[in-house]
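Just so you know, residue 1 is the first one in the sequence shown, and it goes up from there. Computation of the quantities below employed the complete heavy-atom set of this structure, encompassing side-chain atoms and omitting hydrogens, waters and symmetry-equivalent molecules.
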Amino acid sequence: MDSFSKLHPLAIFLYYGLAVFLMIWLAHPALNALIWILSLPVFFGRAGRRKGISLFGISLAGALLCLVMNPLFNQRGLTLLLSIGGRRITLESMAAGAHMASMLMASLLLFANFSHYMTSRKIMTLFGRRLSSLALLFSMILRFVPGAARDFREMSAIHGSGPAVWAGFFGLTLEGATERSFSMKAKGYGAGERSSYYYRRLAWREVVLLVFMALAGGVILWQEAAGLWQARFFPGIKLRAPGPAGWLAPVLFYSLPLLVAGKEEIAWLLSRRKITGSSIRMNRLPLCRFRS
């Protein structure tokens with residue numbers, strides 16, 4: 001467990017909410033590439049190499065699908081590259097497909113990291129007291145995908161992947177959701193305000209992180225309002241990004257999980273070096289002389 005996962009649930013929720021909002025609001029392929037580059041090490045560090053390679057393959061397949069399908073169905077654009085069966089393949093439609101692919105890959109990584117950091121316990125802590133039904137639904141949604149994937153792998157390993165397996169899989173999924181809803185209702189969930197043993201107040205460093213996130217997000221929004229972030233593909237391609245100094249705020253904002261976790265790693269390396277590099281003084285035993 002790294003330091004970012006130990007933050008208050010409100011800080012984690014606000015960070016990833018603001019990260020997704022900025023990605024959608026700016027809608028710039030260069031920013032999507034930056035998010036993907038900075039989010040991939042976080043996912044590998046949290047989920048491991050095997051799951052990281054699996055998610056990378058899934059996101060790459062989805063990106064290639066967007067890259068291929070968009071030029072086939074979108075014939076807008078001025079620069080004609082070729083014609084297939086009477087359909088115009090334009091440079092602008094291919095650029096728009098690449099933009100959609102980059103946004104898909106970046107959003108998949110953001111939501112994957114969010115689901116790792118924002119566990120069901122933290123969601124119930126954050127929304128359970130006031131919005132108990134929303135907290136329960138949100139936690140069920142986050143737990144649905146990994147649980148459903150695990151159940152389907154187990155069923156397909158035993159019975160194959162025929163239509164009967166799919167029918168049984170959907171039945172098992174609906175049955176599990178129904179049983180959990182009846183179980184929570186029988187326990188009186190949502191009948192009143194709910195307390196949580198995990199609840200704690202924001203620490204001073206978490207307040208500092210919230211202020212930093214607000215400042216970095218404000219700088220990025222100001223850049224977008226000033227026209228420094230522009231991405232247009234139709235009728236012609238127009239891309240504009242800020243200069244090297246303007247990338248400081250996005251890089252610092254989207255590398256915040258790496259910076260928080262890196263601080264802990266650097267402190268551990270320094271402590272280990274101090275421990276292993278320190279001289280261990282051995283107590284010298286006095287020499288005993290034996291006289292005959």
Subject >> Ring centroid separation Phe43 to Phe56 under 6.0 Å >> reply: no
Subject >> Test of ring centre spacing under 6.0 Å for Tyr15 and Phe4 >> reply: yes
Hey, is the main chain of [Y] close enough, under 3.5 Å, to the side chain of [X] for a donor-acceptor pair?
{"X": "Ser107", "Y": "Leu104", "result": "yes"}
{"X": "Thr90", "Y": "Ser93", "result": "yes"}
{"X": "Asn32", "Y": "Met105", "result": "no"}
{"X": "Trp247", "Y": "Pro242", "result": "yes"}
{"X": "Ser54", "Y": "Arg50", "result": "no"}
{"X": "Glu224", "Y": "Leu26", "result": "no"}
{"X": "Glu92", "Y": "Thr79", "result": "yes"}

Taking all non-hydrogen atoms of both residues, which atom of [X] and which atom of [Y] are closest, and how far apart?
{"X": "Ala27", "Y": "His99", "answer": "O-CE1, 3.2 Å"}
{"X": "Ser39", "Y": "Asn113", "answer": "O-ND2, 3.3 Å"}
{"X": "Gly217", "Y": "Leu18", "answer": "CA-CD2, 4.4 Å"}
{"X": "Ala106", "Y": "Met23", "answer": "CB-SD, 3.8 Å"}

Subject >> Inter- and intrachain pairs under side-chain hydrogen bond (donor to acceptor under 3.5 Å, both in side chains), touching residues 235-246, at least two apart >> reply: Gln230-Lys238
